[in-house]
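Okay, so here's the structure we're looking at.
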Amino acid sequence: MVFRDRIAATKPLVFVLCLLPFAHLVWDAMHGTLGTDPVAQLEHRSGDWALRLLLATLAITPLRRFTGWHRAVRFRRMLGLFAFFYVSVHLLIYLFVDLGGYWADIFEQIAKKPYITVGFAAWLLLIPLALTSTQGAMRRLGRHWQRLHRLAYLIALLGVLHYYWLVKADHREPILYLCAWIALMLARLRARPRADAPRSNAARLRT
Amino acid sequence: MLGLGAAALATGCGSEAASPQATAPQAKLPDKSLAVARHVDDANGEAQTTYTDATHYNNFYEFGANKSDPAARSGRFAAHPWSVEIAGLAEKTGRFTLEDILKNHALEERVYRMRCVEAWSMVIPWVGFPLAGLLDRFKPLASAKYVAFTTVERPAQMPGMADRILDWPYREGLRMDEAMHPLTLLAVGMYGRELPNQNGAPLRLIVPWKYGFKGIKSIVKIEFVESMPRTTWNVMAPDEYGFYANVNPAVDHPRWSQKTERRIAGTGFNLFGNRIETLPFNGYAEQVAHLYAGMDLHKYF
């Protein structure tokens with residue numbers, strides 16, 4: 001296979017890497033090696049990877065701005081779509097494996113339980129982002145595309161909140177995710193061209 | 001080496017004849033098995049949780065907040081020798097060795113459902129004796145309306161205590177009539193063996209109609225008190241964990257539903273079909289509902 005450049009050549013590797021946690025999950029599920037509460041394991045692990053990939057997607061912009069490695073943006077769509085994939089797997093596990101015969105309870109849960117509400121909202125908000133992730137959609141939406149895709153910050157925050165609210169007492173891990181989110185947010189704001197900066201400079205930064 | 005007098009147990013059911021001399025450490029049974037006087041299945045014949053699952057999926061935050069921490073990090077914990085302080089409003093108080101505590105009580109096996117407030121459950125064969133029998137020995141005064149329990153505090157042996165996740169020591173409590181109820185058990189073993197450290201060795205409380213966090217582990221103090229004692233989870237989040245903490249599908253935890261639970265039991269492929277309906281008082285309503293007659297269970301949750 002001939003690749004256009006090194007980034008294109010690396011993409012299949014990143015694809016496989018992103019798929020590994022899922023493969024591991026399926027392997028453990030099939031071999032009964034998920035531990036005492038396999039359903040909780042499936043939920044926690046798929047949720048962890050969803051959060052990590054959401055944050056990884058958000059890290060691309062600051063990474064470009066601070067390292068000057070602008071072509072990193074070419075991994076962003078794949079990471080974002082994998083984040084959507086893991087959030088969807090997480091939701092499906094909750095619905096069909098965990099709730100099982102009680103899956104209709106989901107409506108009550110979404111309405112009444114804040115952590116489910118925000119988790120579900122995050123998944124819903126990801127749908128338009130996934131649908132508009134193509135080059136064609138980017139072209140058609142023009143500058144609206146970027147505005148729409150800033151939702152990714154809100155979505156990641158909802159994901160962190162979802163985690164924080166379901167923990168009983170030990171909030172250290174969700175707080176770590178929250179810190180990562182805040183750091184990425186600050187990095188983004190700092191890396192942003194100042195409004196009074198010369199146009200040419202702003203344009204240069206954006207490429 | 002459950003001084004519980006291996007001898008007493010080996011001869012069958014800690015009878016009153018057990019002499020304190022019989023508790024020499026050499027008498028330790030290699031497999032730590034316990035002899036029981038009778039078996040009662042109070043879980044309707046439902047499939048039991050495996051020993052491995054019940055001993056490797058624990059909430060015992062003194063050893064760490066992950067479910068696997070207690071089994072992995074409780075190896076240094078020394079459950080023997082052990083003593084329990086009996087205090088408060090009773091005729092007899094003082095410090096008693098574990099052997100003293102146990103000597104007059106025939107051990108029995110009770111299979112109970114265990115419903116965690118996190119909406120999962122197990123079915124576990126405990127070995128112990130009714131708490132009522134022990135409390136009676138100390139002749140509680142009429143003014144004693146509640147019983148308060150405290151867990152041991154040993155930061156050097158309990159690595160989870162370095163993190164101030166909860167306000168140590170762990171405390172729990174029961175109303176006197178709850179404490180005296182025949183279903184309320186002081187357990188020293190499970191699955192016919194001594195309690196492993198991660199399950200609350202050497203002495204823990206089991207109150208099957210309440211959420212699992214009421215079942216305080218590794219008890220070092222039992223106090224008779226007049227007013228409702230402060231309990232760890234209730235102090236930490238009073239809107240989420242009540243003093244009573246009776247299993248009740250009609251009263252949700254503010255953050256998650258309590259209508260159903262995921263049952264962890266049996267062996268083999270267990271991914272699907274684990275969710276079952278939660279029963280009022282964890283299925284023990286017939287035996288205990290009268291204790292709460294006339295009380296608004298939404299208010300006194």
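Proteins get letters first, then strands, A, B, ... in listed order; numbering begins at 1 in each.
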Inset, instruction - Considering only NZ, NE, NH1 and NH2 on the basic side and carboxylate oxygens on the acidic side, decide whether A/D98 and B/R275 come within less than 4.0 Å. - result: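 Answer for the salt bridge query: yes.
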Testing the basics here: between [X] and [Y], what is the closest heavy-atom pair and its distance to 0.1 Å?
{"X": "B/P254", "Y": "A/P114", "answer": "O-CD, 4.3 Å"}
{"X": "B/L271", "Y": "A/V97", "answer": "O-CG1, 3.4 Å"}
{"X": "B/M122", "Y": "A/T36", "answer": "CE-CG2, 4.1 Å"}

Measure [X] against the heavy atoms of chain A and call it side chain, backbone, both or neither at under 4.5 Å.
{"X": "B/S257", "value": "both"}
{"X": "B/I264", "value": "side chain"}
{"X": "B/N66", "value": "neither"}
{"X": "B/E240", "value": "neither"}

Legend entry - Geometric cation-pi criterion A/K112 and B/W256, 6.0 Å radius, 45° cone: no
Inset, instruction - First locate atom OH of A/Y102, then atom NZ of B/K259, and finally report the distance between them rounded to the nearest 0.5 Å. - result: 12.0 Å
Inset, instruction - Give a yes or no answer on whether the side chain of B/R262 reaches the backbone of A/L99 with a donor-acceptor pair at less than 3.5 Å. - result: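 Not confirmed, B/R262 side chain does not pair with A/L99 backbone.
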Legend entry - For chain A, the option from B/L166, B/D252, B/N274, B/T50 that forms the most heavy-atom pairs under 4.5 Å: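 Answer, by heavy-atom pair count under 4.5 Å with chain A: B/D252.
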Inset, instruction - Find out whether B/E118 and A/K168 are in side-chain contact, i.e. whether some heavy atom of one side chain is under 4.5 Å from a heavy atom of the other. - result: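 Yes - at least one pair of side-chain heavy atoms lies under 4.5 Å apart.
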Legend entry - Side chains of A/D37 and B/D53 in contact at under 4.5 Å (non-hydrogen atoms):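 A side-chain contact under 4.5 Å is absent here.
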